[in-house]
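Note sheet for the following structure.
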Amino acid sequence: MSTSSTEAQSKTFKADSPFTFACSDLLPCFTQCCRDVNIYMTPYDVLRLRRALNMSSADFLSRHTRHFLSKRTSIPVVQLEMNPDTLYCRFVTDAGCRVYADRPWACRMFPLDLTGTPGELGLIAGPERCLGLMEAASATVGEWLESQGVGPYEEMERAFHDVMPPSFDPRKGLPPSLGKLIFLAYDLDRFRAMLESDRFLTVYEMEAMGLQEALANDEVLLRLTFAFIRSQIEELSSLV
Ligand code: SF4
Ligand code: SF4
């Protein structure tokens, strides 16, 4: 029995694992991976997409996502909403992704995905669905991910994870009020409006320079939002 190039690849990958893959608009599967998929979004995904689309964060979240607090943990869940009639992503065209430069992290990683073990990735789709896995192009996983621009997404997600206190227990979850506070990281314009209010500046003693930088730069604003959420969680936890 012949063995495909992908079958020969290990089921899990690390940064230095060989990876045989090439996506192309000539493949019959072109854009099929943009249909009927669960794309869980990070705060940085929302920032990049709503900026590319020139939409407010609230408008983007209401028009392009399903979002709710997880019943079990109260952690915010934000999913890219597919067209309910066709199940295709609303950003896909016959020529491919129309937000390609700002596509979400999960789209950049496809057909790879995180496994939950640090530094380890797995295949989310096999060569029967993702024909690019049968192509001859070859690189290491790390080289390929770099070519997909995942670096800033990974870095921002690490910073987002740090908003949770070290004592956080996923089995116990969070009170819903804290889940709503964390959702602020997705709705950046709401935090911007808070920053611009005199009351906020008085209570939190923001330095004028830091404030101006955050108001002028979305990435700085997002990091400041993480710091604010973390400080609030720590303060509230100390009162419990
Ligand atoms: S299924 Fe794989 S090869 Fe096909 S378009 Fe999507 S990423 Fe590219
Ligand atoms: S954002 Fe782009 S790459 Fe991602 S599913 Fe939609 S069309 Fe496909």
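Sequential numbering from 1 along the given sequence is applied to the chain's residues. Counting starts at 1 for both ligands and their atoms, following the listed order. Keep in mind that the numbers below use all heavy atoms, side chains included, and drop hydrogens, waters and symmetry copies. The structure presented is a predicted model; accordingly, all values stated were derived computationally and were not measured.
E213 and R223 are not joined by a salt bridge, as no carboxylate oxygen comes within less than 4.0 angstrom of a charged side-chain nitrogen. A salt bridge between E234 and R230 is present, with a side-chain N of the basic residue lying under 4.0 Å from a carboxylate O of the acidic one. With respect to R51 and E219, a salt bridge is recorded, a charged nitrogen being found less than 4.0 Å from a carboxylate O.
A distance-only check finds no donor-acceptor pair linking the side chain of S74 to the backbone of L69 [under 3.5 Å].
Each of the atoms 1 (S) of ligand 2 lies under 4.0 Å from some heavy atom of P104. Within ligand 1, counting atoms from 1 as listed, the ones closer than 4.0 Å to a heavy atom of T31 are 5 (S). Residue-ligand proximity, C107 to ligand 2, at heavy-atom distances under 4.0 Å covers atoms 1 (S), 3 (S), 4 (Fe), 5 (S).
The shortest contact between atom 2 (Fe) of ligand 2 and any protein heavy atom is with C97 SG, 2.3 Å. Of the protein's non-hydrogen atoms, I39 CD1, 3.6 Å is the one closest to atom 5 (S) of ligand 2.
By the criterion of a separation under 2.8 Å, the protein N/O/S atoms near atom 8 (Fe) of ligand 1 amount to C23 SG.
Within the structure, side chain to side chain donor-acceptor pair (under 3.5 Å) contacts touching residues 115-124 (residues at least two apart or in different chains) are T115-E120.
For V37, the heavy-atom gap to ligand 2 stays at 4.0 angstrom or more.
Here the shortest heavy-atom distance to atom 8 (Fe) of ligand 2, taken over C89, C34, G96, belongs to C34.
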